[in-house]
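Structure first, then comments.
Per chain, numbering begins at 1; letters A, B, ... match sequence-line order.
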Amino acid sequence: MQVLYFAWLRERIGIPREEVETSAVTVADLVAELRGREPRYELAFSDMKSVRVALDQELSSLDASLDGVREVAFFPPMTGG
Amino acid sequence: MQVLYFAWLRERIGIPREEVETSAVTVADLVAELRGREPRYELAFSDMKSVRVALDQELSSLDASLDGVREVAFFPPMTGG
Amino acid sequence: MSVSVQAEDFDVGAEMAALAEGRTDIGAIVSFTGLVRDMAKGAAISDMELEHYPGMTEKALKEIEAQANARWDLQGSRIIHRYGRLAPGARIVLVLTASPHRQAAFEAAEFLMDYLKSRAPFWKKEGTAGGGHWVDAREADEDALKRWDQE
Amino acid sequence: MSVSVQAEDFDVGAEMAALAEGRTDIGAIVSFTGLVRDMAKGAAISDMELEHYPGMTEKALKEIEAQANARWDLQGSRIIHRYGRLAPGARIVLVLTASPHRQAAFEAAEFLMDYLKSRAPFWKKEGTAGGGHWVDAREADEDALKRWDQE
């Protein structure tokens, strides 16, 4: 699946998006998997209270299932307007 | 003093303003005096719940004193905006 | 702070540009534009005649604007109210408020409109097929005003 | 109903004219314009970088607009949100609402702004002498959103 990063998550991880092969069942599983990869992921996901997730461009939650999802996006709380 | 009429008060009385010589002490006294003049005044002031008054261009009340007042205006509730 | 009572139309974009001219400290600008509607209580409106009380109108609008500026942290405000005969679709009134924060700009604009509705000496007469009739003051407008006392 | 996500500036007067074009049934038009401020928390801002999530942004704005139109009696609405690098004083966002009555137009515009603040995928980075930093979401914005659930 495509995994996207925005704002300071993008800056900490160093890339705006990547293709990830995973068997993670939930968003939380995917986050745990990414954190295990490298320190930059560990740092980006160190405070999950400040991380929001969208699945196929719909706001979702960390315990949501990734079944059938093609695009996962991680970002800080939004500051539009 | 100058007495001004607006909206349907103006239409019922038939004039927008007039000079009135009066010894009325309060606005209510003046209204009573005007009502005694002619049926058109009687009609215009028949429902005082729908009449507002301004003294020298400041919103006021029927029991207010006319002492020193140069301009009295009668009109229906305002419908601006 | 500025108030105009005029027969002429106004340009919302130009008024907004004038309010923000040369400034970079404004965070929010709210505008309210009131227009003549072609229907009222199910009857078609051919035109609207707006009568006002010259002299008192300007004073009342300035007072209302000063109250809003005393109550909220405004960086600018503007009130334009037209009088005379207006066709359906015509602009009647403009209120502009500028503030560092959106909540103040919204609240001040609503406050100004609530006051204009019931405290500015304007009277509307609607022209219909059955003749002209004066618009009654709405109880809802008087109620809208009261909420600003309670805070 | 219409939504734009763009780098280009917009013209508030022209957008308002387009919304009311050929209509005589609108009673009230409310606009909100958000601007880049030159100061934040006491620090001078040199510019603001607005990042967004292409694809999701348009979806989110359309959903927010549909919610407002379902909730209030609107005759028209418009949302424009810019992205990219903006200088102090630059326009960021425009919300327009048109309704027969002022209360609906005001409430819908506030609702749209409250939702845009916390639910549209935009992120602001302010440039200061000490470097760029991402603007934190304000708790007050999250609270502002909650009032719409309680009604």
**Request:** Mind ranking E71(B), E58(B), E11(B) by heavy-atom pairs under 4.5 Å with chain C and telling me who comes out on top?
**Result:** E11(B)
**Message:** Heavy-atom cut-off 4.5 Å, strictly under: side chain, backbone, both or neither for R10(B) against chain C?
**Reply:** side chain
**Item:** Which portion of A7(B) sits near chain C, non-hydrogen atoms under 4.5 angstrom
**Value:** both
Portion of [X] that has a non-hydrogen atom of chain B nearer than 4.5 angstrom:
| X | result |
| --- | --- |
| R119(C) | both |
| H52(C) | backbone |
| E63(C) | side chain |
| D114(C) | neither |
| K125(C) | side chain |

**Fill in**
Note: vs chain B, highest number of non-hydrogen pairs under 4.5 angstrom among Y53(C), F122(C), Y115(C) is Y53(C)
**Request:** Among the options F32(C), Y83(C), W134(C), pick out the one with the most heavy-atom pairs lying under 4.5 Å from chain B.
**Result:** W134(C)
**Item:** Heavy-atom donor-acceptor pair, H81(C) side chain to G81(B) backbone, under 3.5 Å
**Value:** yes
**Item:** M78(B) and S118(C), any side-chain heavy atoms less than 4.5 Å apart
**Value:** no
**Request:** Rounded to the nearest 0.5 Å, what's the gap from OG1 on T79(B) to CG on L50(C)? Could you check?
**Result:** 7.5 Å
**Request:** With rounding to the nearest 0.5 Å, note down the distance linking CG in D56(B) to NZ in K59(C).
**Result:** 7.5 Å
**Request:** Step by step, work out the side-chain contact (heavy atoms from CB on, under 4.5 Å) result for L59(B) and M56(C).
**Result:** CA-CA 9 Å; L59(B) 273 181; M56(C) 179 171 168; 4.0 Å; yes
**Message:** Take a 6.0 Å sphere around CD of E21(C) and say whether it holds more than 12 heavy atoms from other residues, nucleotides or ligands.
**Reply:** no
**Message:** Around atom CG of D9(C), are there more than 12 heavy atoms from other residues, nucleotides or ligands closer than 6.0 Å?
**Reply:** yes
**Request:** Give the ring-plane orientation class for W123(C) versus F6(B), where under 30° counts as parallel, over 60° as perpendicular and anything between as tilted.
**Result:** parallel
